[in-house]
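So that the names make sense, note that chain A is the first sequence line, chain B the second, and so on, each numbered from 1.
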2 protein chains.
Amino acid sequence: MQPRSIPLGSISESGSEERHERRDAAANRELLLQTAEVLFAQHGVENVSMADIAQAAGVGKGTLYRRFANKGELCLALMDAQLSDFQEAMLARMRQMVVDGESSMAQLDMFLDALVHFTAVHQPLLCEVQREGLFGNSTHLSLPHFWQHMTVSGLLQTAVLRQEISAELDIAYIADALLAPLKVDLFRFQREVRGFSVERISAGLRSLAASLKQVT
Amino acid sequence: MQPRSIPLGSISESGSEERHERRDAAANRELLLQTAEVLFAQHGVENVSMADIAQAAGVGKGTLYRRFANKGELCLALMDAQLSDFQEAMLARMRQMVVDGESSMAQLDMFLDALVHFTAVHQPLLCEVQREGLFGNSTHLSLPHFWQHMTVSGLLQTAVLRQEISAELDIAYIADALLAPLKVDLFRFQREVRGFSVERISAGLRSLAASLKQVT
DNA sequence: CCAATATGTGGACTTGAGTCCATTTGTAAC
DNA sequence: GTTACAAATGGACTCAAGTCCACATATTGG
């Protein structure tokens, strides 16, 4: 629906230097996304290869790879709308909580809970996104992690200012550490092998965050 | 040196039903390990393919794969001794700390610090081990994680008994969560992209664990 | 409308993981 | 020593990821 092509709603391409994408190419991108969505629904994300998608869409592999450098990018693009919605919803809720005079740590609690549920729902696609890793790969694959880190560390920073948590803490590190258990690998392991419920995971993670609260 | 073949020193094969491994096969296993070690040292772990190793060792791929189901297993085998040593050293230190009347949380602090340094040292090999994931794959690839989880949850459990931390906490979850930031993916990201020092990572993780201490 | 050229396209090709299986070889029992 | 068979072996084969590039096509300025 949206004319934009770069995934992850926020941190938009600030309108300036728009990389030309021919109209037929944009159409192909849509075609590929829709094709992938159907195939994923039919056979499960992990059972569909890039070649499958290209073939089903009736284009060559080169075309597919020109639009999406790998399966992770494709999956991220498929979640673009939901990711934006999620971000927007979170910002709105956090703003409202500020208005209501709720603490930063309460906001963090809410955010983590929402993130756990988001992870649960989008597990299959997130799995592919994270398979590519956080590194040098295509920069924007790590944008979700980047945004989450910004959000969590922002809340923690505010919490320090409001003296809800100790000023001794290494905010940047703690933010990473609180997000680490949500990596899909571990999440799936906990769900499928350990048999943890989503609620249990949420409660556990929030209790860890909550433990930061007391004075150090 | 050791005649054993199954990686991860402890949790040994309890001597009973020893799977036959012919003498020539055992020799080949040694040959392969040594060859891999050399190649890894020369070209870096990630630049050496399984085929390279087989060829350099002068055996077929089938032979290599019969000994090691994948690169991860091979890497784990390469760390077998160091892993056992590490475990033994940890057990010894924890026993001594008990004797010295140190708290369980102090033991956890020591353990996490050691684990961070172990991760830093064995990053490249651990990277391959963890690439295979925690799942159904070869069971014993997750043995390190399994052992670490046992250790951490054991310490936390004792800490609960000694009222060093709240009895409300979900020990099994917290143990996973404290170990999650040590997954090599994130660890490397923190080191290489965020520029965190090993000491900073250790301090951060320990501060997170320490925050569990106060009454909840 | 007509270049000129940046972009897009298809599919062959390369690379590495991992599987398969016909054949060989060590070993243990006799 | 012979035999029988479980274990081991090599390398061809399958499968998916990702690269490359000769050729095709939109777009833009004139």
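- Side-chain to base pairing of B/Arg22 with C/dT25: one donor and one acceptor N or O lie within less than 3.5 Å of each other.
- Among the nucleotides D/dA17, C/dG8, D/dA8, the one closest to any side-chain atom of B/Ala25 is D/dA8.
- With D/dG10, C/dA17, D/dT19 as the choices, the nucleotide that has an atom nearest any side-chain atom of A/Tyr65 turns out to be D/dT19.
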*Would you please test A/Thr119 and A/Lys183 for side-chain contact (heavy atoms from CB on, under 4.5 Å) and show each step?*
CA-CA 9 Å; A/Thr119 301; A/Lys183 293 275 131 185; over 6 Å; no
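- A/Thr63 comes within 4.0 angstrom of a nucleotide base, judged by non-hydrogen atoms across all strands.
- Candidate nucleotides D/dG18, C/dT27, D/dA8 were compared by shortest atom distance to the side chain of B/Arg66, and D/dA8 ranks first.
- The side chain of A/Val59 sits closest to C/dG10 out of D/dA17, C/dG18, C/dG10.
- If you check every strand for non-hydrogen atoms under 4.0 Å, B/Arg131 touches nothing.
- When the nucleotides C/dA17, D/dT9, C/dG8 are ranked by their closest atom to the side chain of B/Asn28, D/dT9 comes out on top.
- Between A/Asn70 and D/dA17 there is no side-chain N or O to OP1 or OP2 distance below 4.0 Å.
- For A/Lys71 against D/dA17, no side-chain N or O and base N or O form a donor-acceptor pair under 3.5 Å.
- When distances are taken from the side chain of A/Lys61 to each of D/dT27, D/dA16, D/dG18, the shortest belongs to D/dG18.
- Considering only heavy atoms from C-beta on, B/Ser207 stays 4.5 Å or farther from A/Tyr173 through its side chain.
- By the 4.5 Å heavy-atom criterion applied to side chains, A/Leu115 and A/Ser202 are not counted as neighbours.
- Look at B/Arg29 and B/Glu21 and you find a salt bridge, because one of the NZ, NE, NH1 or NH2 atoms lies within 4.0 Å of a carboxylate O, short of that distance.
- Among the heavy atoms of the strands, none lies under 4.0 Å from A/Asp52.
- Toward the 5' end of DNA chain C, the nearer of the two residues B/Arg23 and B/Asn47, judged by each one's closest nucleotide, is B/Asn47.
- To the nearest 0.5 Å, atom CZ of residue B/Arg191 and atom CZ of residue B/Arg200 are 11.5 Å apart.
- Dashed line: the shortest gap from a side-chain N or O of A/Arg67 to OP1 or OP2 of C/dT9 is under 4.0 Å.
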